[in-house]
Number of protein chains: 2
Amino acid sequence: MTDTTDLNDMKAMLQVPLGNQIGRVHRLWRSAITAAVQSLDMTEARWTAMLHLQLLGEGATQQALAQELGIEMPSLSRTLGQLVELDMLERRPHPTDKRAHCLYFTPAGQQTLTKLIERTMQIRQALYRDLTPAAVQQLMQALDLMERNARALLVTTAAEDNL
Amino acid sequence: MTDTTDLNDMKAMLQVPLGNQIGRVHRLWRSAITAAVQSLDMTEARWTAMLHLQLLGEGATQQALAQELGIEMPSLSRTLGQLVELDMLERRPHPTDKRAHCLYFTPAGQQTLTKLIERTMQIRQALYRDLTPAAVQQLMQALDLMERNARALLVTTAAEDNL
DNA sequence: ACCAAATACTTAGCTTGCTAACTAAATAAA
DNA sequence: TTTATTTAGTTAGCAAGCTAAGTATTTGGT
C-alpha cells in the first residue's frame, strides 16, 4: 500500500455517511434489547440507566450517572423519576451535600436488574456474532478516538461563538 | 494468543456497554455537524435528508430515501415537509405511480446543499483525526456486521411474538 | 462574614426517532 | 371484473435526547 492509495482511501472515506451508519446501528441495538426486556416495564432509557447504575455502583449521584451515560441531567432526571415511580430505584439524600441525591436499587429493582443483565448479555452475544474479540476491541478504540475528536471539535466551535 | 484468552476476552466484551458508546458517538457526531451548519437553517434531520438525497440522486421517492437513511416513513415525511416549507426541496408527482412523490432540490436547495457537502466533509475529516483509512474501513465493516446481526435478531423476536 | 459564582437538580418545551391508524393508488387473486 | 392485499404517503401521539431557565445549596473571593 502506497501513500497515494492512502490518500485516495481518505478521500473516499470522507464521502461515506458513517455517522448515519452509526446512528442506524445504535437504533437497532437499542430496539433489540428493548424487545428482549419488554416484559419488565423497561424502555430504552430505563434499562440503560439501570445497567449503568450497576456499573457505577449503588450510591452514585445523578450527576455521576449522567456523566457515565454521556447524557445531560434533564434527560436522566426524567427517566430516574419514572424508575422511582416504578419502585425500581430510591433517591436517598447525600450524606454531606444537601443538593445531591444518591441512587439505590429497591429489592424489586435488584430483581429486575438481575434479569436485565442476563438478557442484555445474551443480546450482546448475538450482536457480536462473527466478530472477533480483536475486531470488537478495535471498534471500541476507533469509537473512542472519534468521541474525543468530536468533543474537541465542539469545544472549538463553542469558543468561536463567544468571540 | 490462545483460545482461552479469546474466551476471556469474549466474556469481558459482553460486560462493556458498547451500545451506549455508539449512541454517544452518534449524538456528538450530529452535534458537531449541526453546529457547523447552524447558519443554514438546518437541523440534524434536515441536513441528513439533504445529503442522502444527493447520494441517492434527485428524483428518488420518499420511500427510497427512507430506506437509504434507515428511518421510517413518518419520520422522514415530517422532515421533508419542513424542507419543502423552507424552499429547499420540491415534491413532484411520480411519472407512473400516482401514490408516489419524487424529490428534487430547488435552486436554493442546491446552493445550501453545496455548502452542506463542503462543511460536512471538513467535519468528517476532523472526526477521523488519528484514524487510519484501514481503521475506518474496519470500523465500517464491524458496524455493518452488527447491523445485520441486529436485524436478524429483530426478525426472530418478531416471529416469536406471532406464535 | 457576606455576596458572587458554581453546582445538583428540576421543570418546560423543542427535535426526531418510533408505532398505530388512516387515505389513496397499485397489484394480485377470485 | 371485482374484490382483497400491498404499497406510498400522511397525521397523531409517544419516547428520549437536547437547551433554557428556575431553585436550593455549596464554594470562593473580598
Side-chain angles (χ1 to χ4, degrees), chain A residues 19-20 22-35 38 41-50 52 60-67 69-86 91-103 154 158 161, chain B residues 19-20 22-35 38 41-49 52 60-67 69-86 89 91-103 154 158 161:
Chain A
N20 224 247
I22 293 178
R24 233 164 29 237
V25 171
H26 180 224
R27 288 194 298 275
L28 286 164
W29 186 298
R30 302 194 85 175
S31 299
I33 295 193
T34 301
Q38 68 183 141
D41 239 338
M42 287 287 126
T43 62
E44 301 178 0
R46 289 181 203 156
W47 56 255
T48 307
M50 293 283 284
H52 282 259
T61 63
Q62 300 190 187
Q63 182 59 52
L65 184 53
Q67 187 121 32
L69 289 167
I71 64 176
E72 300 300 319
M73 282 284 287
S75 310
L76 181 59
S77 195
R78 188 208 295 133
T79 303
L80 291 177
Q82 296 167 358
L83 287 169
V84 168
E85 203 60 39
L86 288 166
R91 285 195 252 233
R92 298 192 203 151
H94 190 282
T96 64
D97 188 335
K98 283 181 198 160
R99 295 168 304 177
H101 293 149
C102 299
L103 300 167
L154 282 168
D161 286 353
Chain B
N20 224 247
I22 293 177
R24 233 164 29 237
V25 172
H26 179 225
R27 288 194 297 275
L28 286 164
W29 186 298
R30 301 196 87 176
S31 300
I33 295 195
T34 301
Q38 68 182 139
D41 240 336
M42 287 288 126
T43 63
E44 300 178 1
R46 290 182 203 156
W47 55 255
T48 307
H52 282 259
T61 63
Q62 299 192 190
Q63 182 58 52
L65 184 54
Q67 187 120 31
L69 288 167
I71 65 176
E72 300 299 320
M73 283 283 288
S75 310
L76 180 59
S77 196
R78 190 208 294 133
T79 303
L80 291 177
Q82 296 167 357
L83 287 169
V84 168
E85 202 59 40
L86 287 166
L89 297 183
R91 285 195 252 233
R92 298 192 202 152
H94 189 281
T96 65
D97 188 336
K98 285 181 195 159
R99 295 168 303 177
H101 294 150
C102 298
L103 300 167
L154 282 168
D161 286 351

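Just so it is clear, the model here is predicted, and its values are computed rather than measured. Note that these values count all heavy atoms, side chains included, but never hydrogens, waters or copies made by symmetry. The sequence lines fix the lettering, A, B, ..., with proteins before strands; numbering per chain opens at 1.
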Atom pair distance, as rounded to whole Å: NE2 in B:H94 and C1' in D:dG9: 13 Å
Pairwise side-chain contact, B:T61 with B:D97, heavy-atom cut-off 4.5 Å (strictly under): no
Of A:R46 and B:L80, the one whose closest DNA chain D nucleotide lies more 5': B:L80
N or O in side chain of A:R30 less than 4.0 angstrom from D:dG17 OP1/OP2: yes
Protein-nucleotide distance (B:E72, atom CD; C:dA21, atom P), rounded to Å: 16 Å
Atom-to-atom span, CE of B:M73 to C1' of C:dA21 - whole angstrom: 15 Å
Sugar-phosphate only, base, or nothing, as touched by A:S75 at under 4.0 Å among non-hydrogen atoms: base
Residue A:A100, side-chain heavy atoms: nucleotide from C:dT19, C:dA8, D:dA8 that is nearest: C:dA8
Donor-acceptor pair under 3.5 Å, A:R99 side chain vs D:dT26 base: no
B:Q62 side chain near D:dA8 phosphate (N/O to OP1/OP2, under 4.0 Å): no
Out of D:dG9, D:dT19, C:dA8, whichever nucleotide has its closest atom nearest the side chain of B:H101: D:dG9
Test side chain to side chain contact (heavy atoms under 4.5 Å, CB included) applied to B:T48 and B:T79, B:I71, B:L69, the passing residue: B:L69
Sugar-phosphate, base or nothing in reach of A:T48, heavy atoms under 4.0 Å: nothing
Polar side-chain atom of B:R91 near backbone of B:V84 as donor-acceptor pair, under 3.5 Å: no
Distance test, side-chain N/O of B:S77 to OP1/OP2 of D:dT10, below 4.0 Å: yes
Side-chain donor or acceptor of B:R27 paired with backbone N/O of A:G70 under 3.5 Å: yes
Rounded interatomic separation in angstrom, taking CG from A:D97 and P from C:dA8: 7 Å
Phosphate contact (D:dC18 OP1 or OP2) by B:S31 side-chain N/O below 4.0 Å: no
Length of the line joining A:L76:CG and C:dT7:C1', which is rounded to integer Å: 16 Å
A:P74 side-chain proximity, nearest of D:dT26, C:dT16, D:dC18: D:dC18
Sugar-phosphate only, base, or nothing, as touched by B:T96 at under 4.0 Å among non-hydrogen atoms: sugar-phosphate
Phosphate OP1/OP2 of C:dT15 contacted by B:Q82 side-chain N/O (<4.0 Å): no
Whole-Å gap separating P (C:dT16) and CD1 (B:I71): 10 Å
Protein-nucleotide distance (A:L69, atom CG; D:dG17, atom P), rounded to Å: 8 Å
From D:dG9, C:dA26, D:dG17, nucleotide with atom closest to A:R78 side chain: D:dG17
Note, B:H101 side chain near B:L80 side chain (heavy atom, < 4.5 Å): no
Polar pair under 3.5 Å, donor/acceptor by atom type, side chain B:R91, base D:dG9: no
Heavy-atom check, side chain of B:E44 versus side chain of B:W29, under 4.5 Å: no
Atom-pair distance (CD on B:E44; C1' on D:dT19), nearest Å: 12 Å
